[in-house]
Each structure stands twice: as structure tokens, then as C-alpha cells.
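Encoded as C-alpha cells, the structure appears first; notes follow it.
Order of appearance sets the numbers: ligands from 1, and atoms from 1 within every ligand. Quantities reported herein were computed from a predicted structural model and do not represent experimental measurements.
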Amino acid sequence: MSGAPEAGGWAATHRRSLTDAEEFWLEAAEAVAWDRAPTVALDSSAAPLYRWFPDGRLNTCFNALDRHVSCGRGEQDAVIHQSAYGPSSRLSYRELTERTARFAGVLRAQGVQVGDRVLIYMPMIPEAVVAMLACARLGAVHSVVFGGFGAQELAGRIDDAAPTVIVFASCGIEPRGVVAYKPLMDEALTLAKHRPRAKVVFQRPELPIELDEGELDWAQAMSTARPAACVAVAATDPLYILYTSGTTGRPKGVVRDNGGHAVAMTWSLRNIYDTGPGDVFWAASDIGWVVGHSYVVYAPLLAGATTILYEGKPVGTPDAGAFWRIVERHRVRTLFTAPTAMRAIRRADPDGSFARSADLSSLRSLFLAGERLDPDTYAWAADLLGVPVVDHWWQTETGWAICANPRGLDDLPIKAGSPSVPMPGYDVRVLDEAGRDVPVGSEGAIAIRLPLPPGALTSLWGDDDWYISSYLDTHPGFYTTGDGGFVDEDGYVYVMGRTDDVINVAGHRLSTGAIEAVVAAHPAVAECAVIGVADELKGQLPRALVVFKAGVDIERELLTRQIVAAVRQAIGPVAAFREVSVVDALPKTRSGKVLRRTMREIADGKSPTVPPTIEDPSVLDALRPLLRPTS
Ligand code: COA
Ligand code: AMP
């Protein structure tokens with residue numbers, strides 16, 4: 001049921017996935033329960049838009065829940081909710097199936113049909129998982145929005161996805177206190193043009209709220225709902241949209257299908273994470289991110305494992321031992337988090353005394369992703385835990401690892417600084433600007449030869465042209481990852497950082513363009529640039545360089561406060577935006593183009609060649625100290 005481990009090790013498996021993709025993926029698809037099993041793996045008829053398992057039909061929720069109940073796993077824990085702020089709870093597969101079927105009934109009663117969108121704005125609580133799976137049950141398309149986003153980001157997603165129903169919780173909980181969601185939702189709906197047919201509100205005891213007209217109480221609706229059965233959909237039908245930051249302010253709605261996703265999730269849990277039915281898997285991420293979609297919710301449940309839903313931080317809730325106590329208490333086999341979380345734990349507990357005093361004997365491996373794993377943090381964690389520490393590289397777009405060290409498949413050496421080797425279906429190349437393969441060891445743009453494997457995005461929501469122009473046009477025949485790097489003589493890939501305006505703050509992906517648009521809207525600002533500056537803890541932090549309008553007389557401190565507040569309101573606290581520097585000018589070319597790339601490369605610690613077209617090199621020199629690391 002969970003997919004058997006591949007025979008033959010990584011090299012043979014990877015080769016076969018590229019030379020005999022049809023056979024490879026049809027075989028992998030046998031681990032999924034289909035209403036109609038696919039007879040064909042890949043449909044290339046609309047290339048460069050590819051579809052996987054075009055004649056297959058299935059229901060993702062059935063595979064994640066009902067199937068396990070009928071196979072005798074009904075009483076096994078499906079989800080353990082571990083909260084740093086209140087009581088914890090468990091839901092067995094049977095309980096989760098019942099609740100999900102009932103909530104699907106709630107959505108259906110509000111008119112949700114196959115293909116309709118449902119927007120979910122919820123913290124890390126079991127009801128968020130129920131809401132996601134209930135959509136999958138009906139063949140509806142969920143769009144989960146991360147709780148740390150502000151009203152403007154939320155509004156953009158509401159307008160783009162045009163949801164029939166919005167499901168939100170009354171609050172999230174952060175170390176600074178309760179975060180009320182309704183004011184954010186109300187403001188977002190004031191900014192948005194689209195109107196949902198209904199809203200369902202889950203009332204948390206920490207902040208019960210008064211409901212407005214058109215808002216249904218979750219508990220009340222559940223008490224009268226009729227459970228809904230699974231609706232089989234085409235493998236190629238969308239399962240969810242997940243918005244991610246691109247290089248402009250407009251977020252990209254990554255579309256994931258049902259069939260390819262179920263196959264990739266199932267394959268990856270067994271072969272990459274070495275986890276199967278009955279094992280406890282913990283991805284310490286948020287359901288608002290792709291890691292949360294793939295490895296908090298879908299992969300562990302599709303595989304019949306137990307997943308941990310953690311509401312809390314790695315440090316400060318209450319201390320740097322939180323992760324290790326959870327591993328001990330729940331006998332976690334595989335832990336997955338972001339390098340920034342390890343850096344935070346290390347900073348608070350450099351000797352690892354919390355980990356040393358916990359019983360971590362259940363832990364087989366630690367997987368890290370979301371940003372580059374610096375060799376120092378790798379060495380610290382590997383030494384402390386005594387298990388393989390596996391860096392792996394992927395993106396919201398791909399949905400699962402492009403490169404990893406597949407622990408369930410092989411025992412490949414780990415090289416610090418590299419996320420190891422390409423996963424099945426990923427034909428990874430490093431290209432120069434003309435699209436030619438660069439020599440081994442030379443840096444270039446990392447691209448993936450089409451087609452992308454099952455589980456990767458099929459398009460951007462409602463906009464195939466945008467998908468093609470964003471990812472496929474730069475190097476025809478390839479998907480451009482937006483990351484730069486190189487491959488060594490053993491085929492290990494090294495990812496050195498983004499080549500565009502996407503930055504990574506504490507494992508959260510943000511667009512400097514989106515932040516820039518908010519800064520530029522301040523009446524005192526003539527022009528500005530937002531750059532990601534290296535930060536020891538969070539990897540990168542955004543910093544705005546601002547030029548005043550002529551004649552403007554405003555105190556710098558006041559300006560900083562106003563701009564910081566505006567970004568927090570519009571983009572959200574998660575941007576961790578605090579640095580505003582007023583400068584006399586921005587470096588530009590003679591034709592007036594701001595040299596963002598040059599500034600970005602300086603901030604990345606590189607020594608870029610300054611374009612000969614620069615108007616005044618002294619302007620750039622004056623800014624260099626501001627582009628240095630923040631700590
Ligand atoms: N809802 C509301 N606010 C949120 C939020 C949410 N879901 N998530 C984060 N925020 C807020 C935080 O409260 C904080 O607000 P503040 O400015 O008032 O303090 C701000 O956004 C930044 O949060 P965060 O990024 O969590 O930073 P932090 O300084 O509180 O903690 C780390 C630092 C490193 C411990 C933390 O960033 C972390 O655990 N990162 C791992 C991220 C991760 O798992 N990424 C997913 C990829 S695997
Ligand atoms: P996201 O879409 O939020 O998952 O962010 C994807 C981006 O994070 C990638 O394009 C990389 O820039 C970065 N990233 C993720 N994992 C890694 C990794 N293991 N090593 C280096 N960069 C990574």
C-alpha cells in the first residue's frame with residue numbers, strides 16, 4: 001500500500017526513471033488505489049504542458065483516509081496535534097475519516113462542487129487538515145493561505161482563486177499572543193473584488209468571536225451535516241492551488257493535480273524518507289507552505305503513517321528542547337524541518353544539552369530543506385544526533401525533492417553543502433546563458449529537462465501562458481528553477497542561491513518586488529530597492545534602500561516606523577521586515593535601470609562585475625556597507 005522500496009539503488013532507479021519513464025511511473029502508480037487505473041503514464045500531446053496518468057481516476061482523500069480504515073488501520077493515530085500553547089490531541093484514521101466526511105458534507109451544503117475552490121486560512125490545528133481533505137473528498141480545489149500573511153496578500157489570493165467558500169479560524173497563536181484572524185479576513189475582503197458564497201468559522205476557545213451574516217459556525221454546521229462520500233476525479237484534475245512568491249508582487253498560483261501528486265507523495269515517503277505505514281513522521285513546518293501540504297498532510301497520510309501537527313516554534317515555546325521532547329514522546333522516526341530552525345536551536349543551546357538528555361533512539365534521520373544548509377549547521381546537527389542529516393532541495397513548484405539523499409533507496413555518502421543527487425524523473429542540468437551545459441564544477445542556472453515528474457506543478461492557476469513565460473521560455477525544453485549552482489564530478493548538485501528577486505527569510509519564501517511595491521507607495525519615497533541581506537539566523541532578511549522625494553522633510557525614524565508598519569500590514573509579519581536605510585541615490589545604468597542584480601550579488605557575498613553601463617560607480621560604492629550581513 002505504501003509503495004515498496006525500489007530495488008537496485010539510486011543510480012539504476014534514476015536512470016530507469018528517465019529512460020523508461022512510462023514503465024517506471026506506471027509501476028509506482030500501483031501503490032495508489034484508483035477508481036480507474038491508468039494505462040498510460042505521460043500525456044505529451046499539449047507539450048510543453050504535460051499531464052500524468054491521463055486516463056486514471058481516483059480520489060485523494062480516499063487514498064489518505066478511508067483506504068486505511070478498510071485495511072485495518074482505523075484505530076492507528078493519523079494526526080497528533082502537539083501545541084506549545086495548550087492541550088494536545090490525537091485523531092485516529094477512523095476519527096479523521098468521520099470528521100472529514102462530515103465537513104465535506106458542510107461544504108457540499110454550501111454548494112461546493114467538483115472543481116470549485118475553497119480558501120483555507122487556519123493555523124496548525126487538526127481542523128485545517130480536515131478542511132483540506134474534505135475538499136479533496138469532494139473533488140474541490142483547496143487554496144491554503146499561510147496565517148503569517150497580511151490582508152493584501154490574502155486579498156490577492158481570494159481574487160485569483162475566486163473561492164466558493166472560505167474557511168477560517170478565529171485566531172492563530174504566536175509567542176507574542178493570540179493573532180485574531182477575522183480582522184485580517186474582513187480587511188482582505190474589503191480589498192478583494194471576489195465574494196465567496198459562504199464563510200465557515202472555526203471558533204478557537206482562545207478567541208471566540210461574534211459571527212457576521214454569511215458566516216457559519218464550524219461546530220454548529222458539523223452537528224447537522226450529512227457525511228459526504230468520496231468523489232472520483234480525473235488524475236489530471238486539480239487537487240490544490242498553493243500561491244508562492246515570484247519575482248513580481250503578483251503571487252503565482254501553483255497547481256497540483258490529483259494523480260501525479262498521489263503517486264509522487266507515496267513514492268517519496270518510502271524511498272526518500274524511509275518511512276512507511278505505522279511510522280511516525282514529523283515535518284515541523286506550517287500547512288500554509290508546500291512542506292506542510294506535502295509532508296505534514298498528504299504524504300504521511302497517503303502512506304498510512306502518523307503525522308505530527310506542531311503548533312509552536314523550535315525555540316522559546318518554551319525552550320530549545322521542544323523538538324527533542326516531541327521526538328521522544330511520540331517516537332518520531334523521521335524529522336523534517338528548515339535549517340533556520342536548527343540554527344535557532346543551536347543558538348539557544350549550543351552544546352545540544354536538551355537533545356543529549358532526551359531519548360532520541362527512535363530517530364532515523366533528520367531532513368532539512370527550504371534554504372541552503374550551511375556546512376556548519378550540518379556538522380553541528382550530525383554530530384549531535386548521530387543520524388544522517390539530509391539536505392534536500394525543492395520548491396513549492398515541484399512539490400517534492402528535486403535532489404535528495406534517498407534514505408529508503410540507498411546509502412549514498414552525504415556531502416556537506418550539497419543536497420545530493422537528482423530524484424527520479426528529474427533530469428537536472430546546469431546551463432549557461434545560451435542554454436548550453438556548463439562543464440562539471442562550473443556554476444550556471446539550474447534547469448530541469450521537461451517533462452517534470454509526477455507531483456510537480458502542472459501550470460499556474462488559470463494562466464498557462466504565465467506558467468510558460470515564467471518557467472519554460474528562458475531555456476526551451478527545460479523548466480528554469482530560478483536557482484543557480486553547479487554539479488560536481490560525482491553528480492552531486494550544489495545549490496548556491498536564487499538568480500532572481502525571490503528571497504528566503506527563515507525558510508519562508510518572499511518576493512522583494514512585493515515588499516518594494518509597499519515601500520514605494522509611501523508618499524515620501526521617490527524610489528527604492530529591497531534586497532535580501534545575509535542573516536546568520538534567518539538566512540536572509542529584507543532591507544529597503546530608500547531615496548526621498550525632493551523637498552520632503554520627514555524624520556528618518558518616523559519614516560522607518562511607517563514603512564515597517566505598512567509592510568507588516570500588507571505582506572505580513574512573516575516578512576520580518578525592519579531595516580530601512582535612507583540613501584542619496586540608487587545605482588543605475590545610464591538608461592536608468594536600477595542595478596538590483598549587482599546589489600543582490602554583493603549582498604550574497606559575491607564580487608560581481610559591475611556593468612560598464614553604470615551611470616556613477618560611486619553611488620554603488622556608497623551602498624556597499626548596507627549590503628553586508630545583518631549580524
Ligand atoms: N500566523 C501569524 N503570525 C505568524 C505566523 C502565523 N502562522 N507565523 C509567523 N508569524 C509571525 C511571527 O509571530 C513573527 O511575528 P513578530 O514579528 O511579531 O515576532 C513573524 O511572523 C516572524 O515569524 P518567524 O519567521 O516564525 O520568526 P521568529 O523570529 O518568530 O522565529 C525561527 C525564528 C527561526 C524560530 C522561525 O522562523 C522558524 O521556526 N522557522 C522555520 C520555518 C519553517 O518551518 N519553514 C518552512 C519550510 S520547511
Ligand atoms: P519554496 O518554494 O518556499 O520551497 O522555496 C524554494 C526555494 O528555496 C528554492 O528555489 C531555493 O532557492 C530554496 N531552497 C529550498 N531548499 C533548498 C536547499 N536544500 N538548498 C538550497 N536552497 C534551497
Side-chain angles (χ1 to χ4, degrees), residues 121-124 128 145-150 169 171-181 184 242-246 252 254 283-296 310-317 320 322-323 336-348 367-374 378 390-405 417-420 446 457 480-485 493-500 502-510 532 535 537-541 564 568 571-578:
Y121 189 56
M122 296 180 107
M124 291 291 281
V145 180
F146 176 59
F149 277 131
C171 69
I173 308 175
E174 284 293 301
R176 81 188 113 96
V178 161
V179 180
Y181 279 9
L184 287 164
L242 179 56
Y243 288 87
T244 190
S245 303
K252 294 190 164 109
V254 163
S285 178
D286 190 286
I287 49 139
W289 304 117
V290 69
V291 177
H293 279 60
S294 293
Y295 294 107
V296 175
Y310 175 58
E311 186 179 32
K313 304 274 171 182
V315 293
T317 57
F323 272 28
F336 176 175
T337 188
T340 188
M342 280 301 124
R343 290 197 295 270
I345 293 173
R346 182 185 181 189
R347 184 184 268 195
F367 280 80
L368 297 169
E371 55 176 323
R372 184 160 185 268
L373 172 59
D374 52 285
Y378 163 77
V390 182
D391 181 11
H392 59 324
W393 166 57
W394 49 300
Q395 312 181 312
T396 305
E397 288 85 343
T398 64
W400 62 293
I402 306 166
C403 286
N405 199 306
S418 167
S420 298
I446 312 184
L457 84 170
T480 305
T481 64
D483 282 305
V493 176
Y494 290 74
V495 181
M496 304 312 289
R498 298 287 304 194
T499 56
D500 56 16
V502 167
I503 58 170
N504 212 307
V505 178
H508 310 311
R509 175 166 157 182
L510 298 164
D535 178 77
L537 175 67
K538 296 198 171 187
Q540 282 182 301
L541 279 177
V564 166
R568 195 176 167 94
I571 309 288
V574 72
F577 175 80
R578 288 187 184 90

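- For a threshold of 3.5 Å applied to N or O pairs, the pair formed by Arg498 and ligand 2 contains at least one separation below that value.
- Taking any N or O of Lys538, backbone or side chain, at least one lies under 3.5 Å from an N or O belonging to ligand 1.
- Without hydrogens or angle criteria, Ser418 side chain to Ser420 main chain gives a donor-acceptor distance under 3.5 Å.
- Side-chain atoms of His293 do not come within 3.5 Å of backbone N or O of Gly288 as any donor-acceptor pair.
- Selection from Arg372, Met496, His508 by nearest heavy atom to atom 22 (N) of ligand 2 gives Arg372.
- Counting the atoms of ligand 1 from 1 in the order shown, those under 4.0 Å from a heavy atom of Thr340 are 34 (C), 40 (N), 41 (C).
- When each atom of ligand 1 is checked for a heavy atom of Pro314 under 4.0 Å away, the hits are 35 (C), 39 (O).
- Comparing heavy-atom distances from atom 24 (P) of ligand 1 across Lys313, Met122, Glu311 singles out Lys313 as nearest.
- Between Met122 and Ala169 the shortest heavy-atom distance is CG-N, 3.9 Å.
- When the options Gly507, Ala506, Gly288 are ranked by their closest heavy atom to atom 42 (C) of ligand 1, first place goes to Ala506.
- The Gly148 neighbourhood of ligand 1 comprises atoms 1 (N), 2 (C), 3 (N), 4 (C), 5 (C), 6 (C), 7 (N), with distances under 4.0 Å to a heavy atom of that residue.
- Of all the atoms in ligand 1, the ones that sit under 4.0 Å from a non-hydrogen atom of Phe146 are 5 (C), 7 (N), 8 (N).
- At a 4.0 Å cut-off, not a single heavy atom of Gly482 sits close enough to ligand 2 to count as contact.
- Shown in contact with Asp391 at under 4.0 Å from a heavy atom are these atoms of ligand 2, numbered in order with element: 18 (C), 19 (N).
- Considering backbone and side-chain atoms together, Gly370 places an N or O closer than 3.5 Å to an N or O of ligand 2.
- Of all protein heavy atoms, the one closest to atom 5 (O) of ligand 2 is Arg509 CD, 3.5 Å.
- The aromatic rings of Trp394 and Phe336 lie tilted to each other, with the angle between the two planes from 30° to 60°.
- Residue His392 has at least one heavy-atom neighbour below 4.0 Å for each of these atoms of ligand 2: 16 (N), 18 (C), 19 (N).
- At a 4.0 Å heavy-atom cut-off, ligand 1 touches His508 through the side chain alone.
- Nearest to atom 15 (O) of ligand 1 by heavy-atom distance, out of Arg176, Arg509, Glu174, Glu371, is Arg176.
- Closest to atom 20 (C) of ligand 1, if we only count protein heavy atoms, is Pro573 O, 3.4 Å.
- Checking each of Ile503, Thr396, Val290 against Arg509 for a side-chain contact (heavy atoms from CB on, under 4.5 Å) leaves exactly one that passes, namely Thr396.
- Near Val291, meaning under 4.0 Å from any of its heavy atoms, are these atoms of ligand 1: 48 (S).
- The closest approach between a heavy atom of Gly370 and any atom of ligand 1 is not below 4.0 Å.
- Ligand 2 has an N or O atom lying under 3.5 Å from an N or O atom of Gln395, backbone or side chain.
- By the 30° and 60° cut-offs, the orientation of the rings of Phe146 relative to Trp289 is tilted.
- Close approach of ligand 1 to Arg568 (heavy-atom distance below 4.0 Å) involves ligand atoms 16 (P), 17 (O), 18 (O).
- Counting heavy atoms from C-beta on, the side chains of Ser294 and Trp400 never come closer than 4.5 Å.
- Shown in contact with Glu371 at under 4.0 Å from a heavy atom are these atoms of ligand 2, numbered in order with element: 14 (N), 15 (C), 16 (N), 17 (C), 18 (C), 19 (N), 20 (N), 21 (C), 22 (N), 23 (C).
- Of all the heavy atoms in Gly292 and Ser285, the pair that sits closest is N-OG, 3.8 Å.
- Contacts with ligand 1 closer than 4.0 Å are made by backbone heavy atoms (N, CA, C, O) of Ala284 only, the side chain lying farther away.
- For ligand 2, the atoms closer than 4.0 angstrom to any heavy atom of Val495 are 21 (C), 22 (N).
- A distance of 4.0 Å separates CZ in Phe323 from OG1 in Thr337, rounded to the nearest 0.5 Å.
- For atom 4 (O) of ligand 2, the closest heavy atom belonging to the protein is Thr396 N, 3.6 Å.
- Between Asn504 and Arg498 there is no side-chain heavy-atom pair separated by less than 4.5 Å.
- For the pair Gln395 (side chain) and Thr481 (backbone), a donor-acceptor distance under 3.5 Å is present.
- Within the 4.0 Å heavy-atom cutoff, Gly172 does not count among the residues contacting ligand 1.
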Exercise for the section: Might you work through the side-chain contact (heavy atoms from CB on, under 4.5 Å) test for Phe577 and Leu510, ending with a clear yes or no? Expected result: CA-CA 11 Å; Phe577 175 80; Leu510 298 164; over 6 Å; no
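- Here the CD1-OG1 distance, from Ile173 to Thr317, works out to 11.5 Å after rounding to the nearest 0.5 Å.
- Taking a 4.0 Å cut-off on heavy atoms, Arg343 fails to register as neighbouring ligand 1.
- Glu311 places no side-chain N or O within donor-acceptor distance of the main-chain N or O of Pro123, the cut-off being under 3.5 Å.
- For Trp394, every heavy-atom contact with ligand 2 shorter than 4.0 Å involves the backbone, none the side chain.
- Among protein heavy atoms, atom 10 (O) of ligand 2 sits closest to Asp483 OD2, 2.5 Å.
- Between Ile287 atom CD1 and Met124 atom CE the span is 6.5 Å, to the nearest 0.5 Å.
- For atom 32 (C) of ligand 1, the nearest protein heavy atom is 4.0 Å or more away.
- Atoms CD and CZ, from Gln540 and Arg372 in turn, are 12.0 Å apart once rounded to the nearest 0.5 Å.
- Going from atom OG1 of Thr244 over to atom CG of Leu457 covers 10.5 Å, rounded to the nearest 0.5 Å.
- Under the 4.0 Å distance rule, the nearest protein heavy atom to atom 46 (C) of ligand 1 falls inside the cut-off.
- Close contacts of ligand 1 with Arg578, meaning ligand atoms under 4.0 Å from a residue heavy atom, involve 17 (O).
- By the criterion of a heavy-atom distance under 4.0 Å, the side chain of Asn504, and not its backbone, is placed next to ligand 2.
- For ligand 1, the atoms closer than 4.0 angstrom to any heavy atom of Gly147 are 1 (N), 2 (C), 6 (C), 7 (N).
- The shortest distance between side-chain heavy atoms of Pro419 and Val495 falls below 4.5 Å.
- Note that NE2 of His508 and CG of Asp286 are 8.0 Å apart. Values are rounded to the nearest 0.5 Å.
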